[in-house]
There are 2 protein chains.
Amino acid sequence: MEDEGARPSAGRGRVSPQAVVRAIREDLIRGVHRPGQRLTEETMAARYGVSRVPVREALRSLEAEGFLVSRPYAGIAVVELSDDEAEDLLEVRALLEPLGAGRAALRRTAEQVGRMKELVSLGMEAAEDGRLEELSRLNSRLHEVIAAASGSRTLSQLVTQLSDKIAWVYAAELPRRATDSWREHAEIVSAIDEGDQDRARELVARHIALAQSAYRRRRPEPEGG
Amino acid sequence: MEDEGARPSAGRGRVSPQAVVRAIREDLIRGVHRPGQRLTEETMAARYGVSRVPVREALRSLEAEGFLVSRPYAGIAVVELSDDEAEDLLEVRALLEPLGAGRAALRRTAEQVGRMKELVSLGMEAAEDGRLEELSRLNSRLHEVIAAASGSRTLSQLVTQLSDKIAWVYAAELPRRATDSWREHAEIVSAIDEGDQDRARELVARHIALAQSAYRRRRPEPEGG
DNA sequence: GAAACCTCGATTGGATACAATCGCCGCTCC
DNA sequence: GGAGCGGCGATTGTATCCAATCGAGGTTTC
C-alpha cells in the first residue's frame, strides 16, 4: 500500500465542523476515492486528521447525498453508477436546471447577480489559461449560485447535489466542454439579470442539451465474450 | 413543557442502525416536530432512546435530505418552507416522476411489479376504510417502489426524498386527494407492468397534475397590514 | 477432499467523558 | 437609562473507550 494515502488532503490544521464533509466530497469528485472502494472509518479519520466521529457524520451526509452507500456493519463504499444511471443524471439535470434558472430570473437578488458575473469573469480567465480543474469548480459554483437564486431551498439543494454528482461521474469528459460553455454562461447570467424568465429557461435548456451530447460517453459496446 | 415529549415514538427496545433516521423522518412527516423548531441533541436522544451519537448521524442525514438546517454550534432546526418553495416541490415532482415512471416501464422487474400491485390493493382497502394516515404512507411507499423500479439509484433517491417532503409539507391537504388517487395508481402500475413507457409517463404526469391542483393551498393573501 | 463449524481479528455501532463555542443574563460604565 | 462587557449555563463538537456484529481462516468431521 502507498503511504501517500495517510496525508490529509485538506491540509489545514483547524477544520470547521462542516469542513470534513466538503473535503471528502471534493476528494470524491476529484476521483481520489474510486467507485466501489470501501471507506473504512479509521482510515478516513487518519486521512482527514480528525477522529472517527466527525468522519461518520460526514459519511452519513454523503450517503444521503447519494455518493456513498452503506449496509449495517458492512461499512460504507463509494457508489458505482452504471452507464444508464449516469445518463439519467444528465436527463434529470436537463429537467431541473431550466426550471431553476427561470425561477432565478424572477427572484434573483442584486448580490447574487453580482456573484454570477464575477464567476463568469473568473471562468473566462481560467478558460484562457486552460486551467481545467479550476474551470470545473467554477462551473459547479456558478450553477450552484444560479440554483440558489431560484429562491427555493429544495430546488437549489437538488440542483447542487446533481451538479456535484455530474462533475464527479463525468470528470473525464468534462474538459471537452469546459472552455466553450462559458460564452453560454455569460448569456444565461445576462438573461437572469434582466429578469427574462423564458429566455433564461431556454438558454439553460440549450446549454444543458449541448453538455449532454458532449458528455455522452462512448459506451463500451457490450462485448459478448 | 409537556412531559409527553419524552416518550419515544418508536417504542421498540432494539433499534437497528438506520432505524433512528427513519423514526425521526417519520415523525417529521407526521408533524411531531414543527417547522422552525430547534432539535437539541440530548432531547432527541432521550426521545428515541439512544445516545447522542446515532442521533447526530441521523440529523446529518436528514439535513442532507433537506428536512433540517444546521449552523455550527447553533444547533439543528426543522426547515421552514415558504409557500413558494412548497409549490416548487410539486413542480419538481411533476418533472421527475413521469421520467421515473417511464424508466420504470422499461426496466422494472417482476418482483417490483408484484409489490406495486400489492400496495395498490392495500391502498384501495385503506381508502375504503378511510384510514387516512395509512393511505399517506402507502402512497409514499408506492411512489418509492415505482421510483426504485426506474433502475436509477439517483433518480429513485431524488423522487423518494421529494415524495417524503411533499407528504410532509402538504400533510394537511393530502387527505383531500388520498382516496381518489388510487384508481389512477392502479392504471399507472398497469402501464408499467405492460412496459408501456409513454403511457406510464403520461398517466403519471396527469396524476401529478391532479394532485398539484388539489394540494394547492389557499395562500394566505398578503395582507397589507 | 469438501463442507460445515468454530474461533478470532477487524470494523462498525454506541455510550460516556471532555473541550470548545455560543447566547443570555447581569453588571458596569458612560 | 442605555450600550458595551464579562461571566456562566447550555449545547454542540470531538476524542476515547467498550460492545456488537461480520467475514475470513483454520480445523474438524463425514
Side-chain angles (χ1 to χ4, degrees), chain A residues 1-3 5-6 8-25 28 33-34 36-65 67-80, chain B residues 1-3 5-6 8-25 28 33-34 36-65 67-80:
Chain A
M1 66 187 80
E2 39 195 12
D3 287 324
S9 286
R12 271 154 297 185
R14 303 290 286 167
V15 285
S16 84
Q18 305 173 334
V20 180
V21 199
R22 289 207 311 226
I24 299 179
R25 189 193 296 117
L28 278 167
H33 312 293
R34 309 300 298 272
Q37 181 181 344
R38 180 171 175 190
L39 305 179
T40 63
E41 299 175 357
E42 201 139 1
T43 305
M44 296 295 279
R47 181 177 234 284
Y48 296 96
V50 290
S51 174
R52 276 180 53 209
V53 175
V55 165
R56 287 176 51 166
E57 294 180 17
L59 294 183
R60 292 281 175 243
S61 294
L62 293 168
E63 182 187 9
E65 290 181 24
F67 286 101
L68 308 177
V69 61
S70 80
R71 278 183 344 197
Y73 290 100
I76 293 190
V78 181
V79 161
E80 295 178 276
Chain B
M1 65 186 83
E2 40 195 12
D3 287 326
S9 286
R12 267 154 301 182
R14 304 289 287 166
V15 284
S16 87
Q18 304 172 336
V20 179
V21 200
R22 287 208 311 224
I24 299 179
R25 190 193 295 116
L28 279 167
H33 312 293
R34 308 301 298 273
Q37 179 180 345
R38 180 173 173 188
L39 305 179
T40 62
E41 298 175 358
E42 200 138 3
T43 304
M44 298 292 281
R47 180 178 235 284
Y48 295 96
V50 290
S51 173
R52 277 180 51 209
V53 175
V55 165
R56 286 176 58 113
E57 292 182 19
L59 295 182
R60 291 283 175 242
S61 293
L62 293 168
E63 181 187 9
E65 291 181 23
F67 286 101
L68 307 176
V69 59
S70 80
R71 278 181 345 198
Y73 291 100
I76 293 190
V78 182
V79 160
E80 294 179 277

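In this text the structure is predicted, and so the values were computed from the model without any measurement. Each chain gets a letter, A, B and so on, in the order the sequences are listed, and its residues count up from 1.
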Residues B/Ile24 and B/Ala58: closest non-hydrogen pair is CD1-CB, 4.0 Å
Taking OP1 and OP2 of C/dG14, is either one under 4.0 Å from a side-chain nitrogen or oxygen of B/Ser51? no
Please list, for nucleotides 8-12 of chain D, all pairs of protein and nucleotide N/O atoms separated by less than 3.5 Å.
unit_1 : atom_1 : unit_2  : atom_2 : d
D/dT11 : O3'    : B/Arg38 : NH2    : 3.2
D/dT12 : OP2    : B/Glu41 : N      : 3.3
D/dT12 : O3'    : B/Tyr73 : N      : 3.4

Closest non-hydrogen contact found for A/Pro72 with B/Gln18 is CD-NE2, 4.1 Å
Salt bridge (charged side-chain N to carboxylate O under 4.0 Å, His left out) filter on A/Glu63, not counting sequence neighbours, yields A/Arg60
What one should report as the nearest heavy-atom pair of B/Glu65 and A/Ala64 is CG-CB, 4.3 Å
Show, in sequence, the C-alpha distance, side-chain angles and deciding distance for B/Leu68 and B/Val78, and conclude whether the side chain to side chain contact (heavy atoms under 4.5 Å, CB included) test is met. CA-CA 5 Å; B/Leu68 307 176; B/Val78 182; 4.1 Å; yes
